[in-house]
Structure formats: C-alpha cells, structure tokens
Amino acid sequence: MRDDIKKLLFAGLIMVMVFAFAGCTGSDSGDKSTTESTNAPTEATETTDATDEAAADDYDIMDGFNLVEQDDLTLLYGNGFVLTMPDDDWGYEQTSPTCLEIYSEDAREDGYEGHLVSIMAFDPEDTSYEDFPAYSVAGRGKTVDKVFIALFPTDVQFNPDDPDQAEDYNELHNHVEKIAEGAADSPFQITE
C-alpha cells in the first residue's frame, strides 16, 4: 500500500512538471540562442491556453531584441523588459511567441535541460500562471500590456556528477531566483 502511494505521488509530481513546462512550448517563431547546442530542447505536443491566447495578439517576447555586454554583465533586452545576467555560461532560446527560456550551456551540452528560468508574458486578465508550481511575478509591462512571470524548474537541470557544473548552475540559478516584482536586486526590470 505504501509503495502504491509513493508511486501515485511521484506520478502526480511528474504531471505537474509536464504541465508547468508545457506553458513554455508551442509554435516556434525562431530559435534565438547564444550557442549552437547539440541537444535540442524537449518538444512538447501540448501548450497551455494562456500561451495560445497571448500569442493570438501578435505579441512577440523578443520583438526589439538586443544583447548588450557591459562590464561583467550581459543585458538582454526583450519586448518590454531587460534581464541582467552575469557574463557567464548561460544561453537563451525563444520557445514560443510569449516565452523566453534561460539555461546553463554546460548542463544542456551534457544532456541535461540546463533550464534556469523561463520568462513568460501573459495578458493582465489571464492568471492561469497561478497553477504553476514554482513561479514569481516579475513585473507588469509599461510599454506593453503584459504581466511577466518567471517560471522556475522543479527538478534537477544539471549533471549532479560534475561538481563544477553543479556549482556554476547553482550560481546562475541563485541569480535568476531573485526575480520578483519590485525586488531591488531583481535581475529583471520593466523597460519604459
């Protein structure tokens, strides 16, 4: 009986993770990645209604994209926001018109997803992101009518057998984990 309960709990956790990450997949409007990866991102066959509805208004999260190197930081400008990342081993990929995935390059090259955070744009009246297991509202657009959320992974995204990779991943993850609306140290800011 106890083993059956464990199996059911594990299956439930897997389902929650599948639905959470399905929100960041869908029709690809172009791969915008800082590296050529030998491991293609996982393709999901389902998308959330929220992602489909947001895409219907022709919003593109990477419209006006610009990447600026500044001192030891990289500024990634998207449509209505800027994300500040340490000039380290990270990459990005637009996985749908409303979703930008930030990942660890080393972890992805090693066969792991390397997922650090996904930045997703929602219409203000759409609060379906509240069903995600690990997210933070990053901000509300000023030049675009969107609510931006940061969706965080809930499973291991790096090679646990590689201590250097684990350390690098954790440093990057700790950086993006600061994303929260109004947080003074948030690497995510709304643009004017």
Side-chain angles (χ1 to χ4, degrees), residues 16-17 19-21 23-24 32-35 41 50-51 54 61-62 64-96 98-108 110 112-122 124 126-160 162-192:
V16 166
M17 290 176 3
F19 286 116
F21 288 113
C24 270
K32 299 186 182 194
S33 176
T34 58
T35 64
T51 302
I61 198 162
M62 295 301 285
F65 165 78
N66 193 11
L67 196 62
V68 177
E69 302 290 332
Q70 188 176 60
D71 300 321
D72 290 337
L73 300 174
T74 302
L75 305 177
L76 186 150
Y77 288 88
N79 191 355
F81 67 92
V82 62
L83 180 65
T84 304
M85 292 295 292
D87 191 17
D88 267 334
D89 182 32
W90 65 278
Y92 61 94
E93 178 180 17
Q94 182 175 0
T95 57
S96 80
T98 59
C99 184
L100 174 68
E101 183 176 291
I102 307 298
Y103 59 87
S104 162
E105 290 177 343
D106 285 344
R108 188 165 281 193
D110 225 16
Y112 292 80
E113 288 296 310
H115 184 248
L116 294 161
V117 66
S118 292
I119 303 298
M120 299 177 70
F122 287 81
D126 180 3
T127 59
S128 60
Y129 54 82
E130 292 175 352
D131 294 333
F132 291 142
Y135 77 93
S136 177
V137 173
R140 287 159 175 64
K142 294 178 183 175
T143 59
V144 295
D145 191 24
K146 296 292 179 191
V147 173
F148 295 98
I149 67 136
L151 178 63
F152 301 99
T154 56
D155 60 345
V156 175
Q157 295 286 310
F158 60 89
N159 184 350
D162 182 341
D164 292 334
Q165 188 179 118
E167 183 180 339
D168 291 344
Y169 178 90
N170 283 326
E171 284 178 21
L172 287 168
H173 189 264
N174 289 339
H175 178 78
V176 297
E177 206 169 39
K178 297 175 187 175
I179 297 175
E181 186 174 32
D185 61 348
S186 175
F188 183 92
Q189 299 297 319
I190 297 298
T191 56
E192 296 289 330

Would you say that [X] contacts [Y] through its side chain, given a criterion of any heavy-atom pair below 4.5 Å between the two side chains?
| X | Y | answer |
| --- | --- | --- |
| Gln157 | Tyr103 | no |
| Tyr112 | Ser104 | no |
| Leu172 | Pro86 | yes |
| Met85 | Trp90 | yes |

Enumerate the salt bridge (charged side-chain N to carboxylate O under 4.0 Å, His left out) contacts for [range], please, sequence neighbours excluded, ordered by first and then second residue.
| range | answer |
| --- | --- |
| residues 177-192 | Arg140-Glu181, Lys142-Glu192 |
| residues 72-81 | none |
| residues 76-90 | none |

For [X], side-chain contact (heavy atoms from CB on, under 4.5 Å) partners two or more places apart:
| X | result |
| --- | --- |
| Asn66 | Val68, Tyr77 |
| Gln189 | Val82, Ser186 |
| Asn170 | Phe158 |
| Gln70 | Leu75 |

So, do Phe81 and Phe188 have ring centers that fall under 6.0 Å from each other? yes
Tell me every residue that passes side-chain hydrogen bond (donor to acceptor under 3.5 Å, both in side chains) with Asn159, counting only those two or more places apart in sequence or in another chain. Asp110
For Glu69, all residues meeting side-chain hydrogen bond (donor to acceptor under 3.5 Å, both in side chains), sequence neighbours excluded: Thr74
When rounded to the nearest 0.5 angstrom, what is the spacing between [atom1] in [X] and [atom2] in [Y]?
| X | Y | atom1 | atom2 | answer |
| --- | --- | --- | --- | --- |
| Glu93 | His115 | CD | NE2 | 10.5 Å |
| Ser136 | Ile149 | OG | CD1 | 8.5 Å |
| Leu100 | Leu76 | CG | CG | 6.0 Å |
| Thr98 | Met62 | OG1 | CE | 13.0 Å |
| Ile179 | Thr84 | CD1 | OG1 | 9.5 Å |
| Glu101 | Tyr92 | CD | OH | 13.5 Å |

Are the side chain of Gln94 and the backbone of Ser96 linked by a donor-acceptor contact shorter than 3.5 Å? yes
Does any N or O in the side chain of Arg108 come within less than 3.5 Å of the main-chain N or O of Glu113, such that one atom is a donor and the other an acceptor? yes
With His173, which residues qualify under ring-ring contact (aromatic ring centres under 6.0 Å, His included), at least two apart? Tyr169
Mind listing the closest non-hydrogen atom pair of [X] and [Y] along with its distance?
| X | Y | value |
| --- | --- | --- |
| Gly114 | Ala107 | CA-CB, 3.6 Å |
| Tyr129 | Val137 | CE1-CG2, 4.0 Å |
| Val117 | Ala150 | CG2-CB, 3.7 Å |
| Leu151 | Ala134 | CD1-O, 3.5 Å |

Side-chain donor-acceptor pair present, Ser128, Asp126, cut-off under 3.5 Å: yes
